[in-house]
Amino acid sequence: MKKCVIIINKFKEIASRLADEIASYLERNDVEVSRVVFGAGGDTDFNGFDFAVTLGGDGTVLYAARRCAPLRIPVFPVNLGEFGFIAGISPSDWQAPMSEFLAGKLRLDSRMMLLTEVKRGGKIVHSSSSLNDSVIKTAGSAKLAELDVVCNGYSLGRFRSDGIITATPTGSTAYSAAAGGPIADPLLDVIVFSPICPFSLSNRPLVLSCDTVLEVTVKDSRGADILLTCDGQESFPLRTEDVVTVRRNETEVQLAGCGKNEFYTALKSKLNWSGGPHA
């Protein structure tokens, strides 16, 4: 662990000051530090770094995961956000876990990711990975999307809805949960499929095996603009007869301090998960 990139969320006032503290600590431990500002635009080559530290909310972790996972770079996420279902390390108590991390004693949890590809005329025109979810939905209109969904070669039918969400267990607490989908333990190997405001009451969320391959064909949606978004950060406009394929990504991201204890603690503290009414 000799080279670190600190990813700073520019919208968090505390992030720059905390970056100085962490950089000073790492440099005293003979770690070379570089900084990247998330939200400032542009892209950064993460090749050559041994690990990444994120200073922000879960959105900053999502950004880091898509860039670090293919390079097998672990992510040390410090939570500066409101919910922090992914980032589990406190900004007031980062030094102890960082010491364990540098010593190779802090547990790293592997989280599955999704790979989404768009085929147009039989050719791949877009590809993106995601830690949370892959979403196909209408953009800027009150019209319904018409989407033919095939699961492992078997038709699930045509979905008339605001869209559909394909989520990982990590992403099951995000947009998918808001759309009525189930919450999955983040270390499970499953894919959660959730329609968004479906026209038919019979359309319910599905929990699918991790080897599932979903193929979604965009049908004529009566002039509605259809958009693909991955992790809510990368978007691509879709056309009629585009085929969107979503499957498990071959690469996973390694996260520090993001185990089951942190997840269930977040359920209780962030969502007031109590098991019953308060006395």
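As a basis for the values below, the full set of heavy atoms in this structure was taken, side chains included, without hydrogen atoms, waters or symmetry mates. Nothing fancy with the numbering, it's 1 onward along the sequence.
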Quiz item: For E241 and K219, what are the C-alpha separation, side-chain angles and deciding distance, and is it a salt bridge (Lys or Arg N to Asp or Glu O under 4.0 Å)?
Solution: CA-CA 6 Å; E241 298 305 323; K219 309 308 291 186; 2.9 Å; yes

Quiz prompt | CA sep, side-chain torsions, deciding dist, call: D162, K137, salt bridge (Lys or Arg N to Asp or Glu O under 4.0 Å) | solution = CA-CA 6 Å; D162 285 354; K137 63 173 296 186; over 6 Å; no

Practice problem: With side-chain hydrogen bond (donor to acceptor under 3.5 Å, both in side chains) as the test, would you mind laying out the steps for S176 and S194 before giving the verdict? | Solution: CA-CA 6 Å; S176 177; S194 301; 3.1 Å; yes

Quiz item: Between T212 and C151, is a side chain to side chain contact (heavy atoms under 4.5 Å, CB included) present by the stated rule, with each step listed?
Solution: CA-CA 7 Å; T212 295; C151 175; 3.6 Å; yes

Quiz item: Between S127 and T116, is a side chain to side chain contact (heavy atoms under 4.5 Å, CB included) present by the stated rule, with each step listed?
Solution: CA-CA 6 Å; S127 178; T116 303; over 6 Å; no

Quiz item: Are F49 and C4 close enough, and set up right, to give a side chain to side chain contact (heavy atoms under 4.5 Å, CB included), and what steps lead you there?
Solution: CA-CA 6 Å; F49 292 109; C4 169; 5.7 Å; no

Exercise. Begin from the C-alpha positions of C230 and S134 and carry the test side chain to side chain contact (heavy atoms under 4.5 Å, CB included) through to its verdict.
Key: CA-CA 5 Å; C230 290; S134 175; 4.1 Å; yes

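The OG atom of S128 sits 9.5 Å away from atom CG of N249, with the distance rounded to the nearest 0.5 Å. To the nearest 0.5 Å, the span separating CG on L255 from CZ on R107 amounts to 11.5 Å. We find the CG-OG distance between L144 and S161 to be 7.0 Å, quoted to the nearest 0.5 Å.
The shortest side-chain heavy-atom distance between E215 and T217 does not fall under the 4.5 Å cut-off. By the 4.5 Å heavy-atom criterion applied to side chains, E250 and L115 are not counted as neighbours. In this structure, P169 and L187 have side chains that are not in contact, with every pair of non-hydrogen atoms separated by 4.5 Å or more. The side-chain heavy atoms of R111 and P186, taken from C-beta on, include a pair separated by under 4.5 Å. Side-chain contact between T170 and N132 is present, with at least one heavy-atom pair separated by less than 4.5 Å.
Of the possible polar contacts, one joining the D58 side chain to the F85 backbone as a donor-acceptor pair under 3.5 Å is found. Between the side chain of Q254 and the main chain of V75, no donor-acceptor pair closer than 3.5 Å is present. Looking only at distances, no side-chain donor or acceptor of T229 sits under 3.5 Å from a matching main-chain atom of G232. With D231 contributing its side chain and D133 its backbone, the two residues share a donor-acceptor pair below 3.5 Å.
Neither side chain, T60 nor T54, offers a donor N or O lying under 3.5 Å from an acceptor on the other. Side-chain contact of E117 with T245: a donor-acceptor pair under 3.5 Å is absent, judged by distance alone. Side-chain atoms of S129 and R66 include no donor-acceptor pair closer than 3.5 Å. A side-chain donor from one of S209 and D211 sits under 3.5 Å from a side-chain acceptor of the other.
Cluster partners of I14 are M1, I6, I8, L18, I22, Y25, L26, V31, V33, F51, V53, L55, F76, V78, L80, I89, W94, M98, F101, L102, L106, L108, counting Ile, Leu, Val, Met, Phe, Trp and Tyr whose side-chain heavy atoms approach within less than 4.5 Å, directly or via other members. Cluster partners of V125, using a side-chain heavy-atom cutoff of under 4.5 Å among ILVMFWY residues and allowing indirect links, are M112, L114, V118, I136, L147, V149, L156, F159, I164, I191, F193, L206, L208, L214, V216, V218, I226, L228, F236, L238, V244, V246. Cluster note: V135 groups with I165, Y175, I196 through ILVMFWY side-chain heavy atoms spaced under 4.5 Å, whether in direct contact or through intervening members. V243 belongs to no hydrophobic cluster, as no Ile, Leu, Val, Met, Phe, Trp or Tyr side chain comes under 4.5 Å of its own.
Considering all non-hydrogen atoms of both residues, R35 and A23 come closest at NH2-CB, 3.6 Å. When every heavy atom of T138 is checked against every heavy atom of A145, the shortest pair comes out as CG2-N, 3.6 Å. In plain terms, the two heavy atoms of V61 and P77 that are nearest each other are CG2-CB, 3.7 Å. Contact between R239 and D242 at its shortest, heavy atoms only, is N-OD2, 2.8 Å. Nearest heavy atom pair, residue S172 against residue A177, reads O-CB, 3.2 Å. In this structure, G56 and N9 approach most closely via the heavy-atom pair CA-CB, 3.9 Å.
Residues passing the ring pair (Phe, Tyr, Trp, His ring centres under 6.0 Å) test with F11: none are found, sequence neighbours excluded. Partners of E252 according to the salt bridge (Lys or Arg N to Asp or Glu O under 4.0 Å) rule, which considers only residues two or more places apart in sequence or in another chain, are R248.
The cationic group of R160 lies under 6.0 Å from the six-membered ring centre of F199 and within 45° of the ring axis, placing it in a cation-pi geometry.
Hydrophobic clustering (ILVMFWY, side-chain heavy atoms < 4.5 Å, transitive): F38 and L71 are in one cluster.
Salt bridge annotation for R222-D220: absent, with no cationic side-chain nitrogen under 4.0 angstrom from a carboxylate oxygen. A salt bridge is absent between K2 and D50: the closest approach of a Lys/Arg side-chain nitrogen to an acidic carboxylate oxygen does not fall below 4.0 angstrom.
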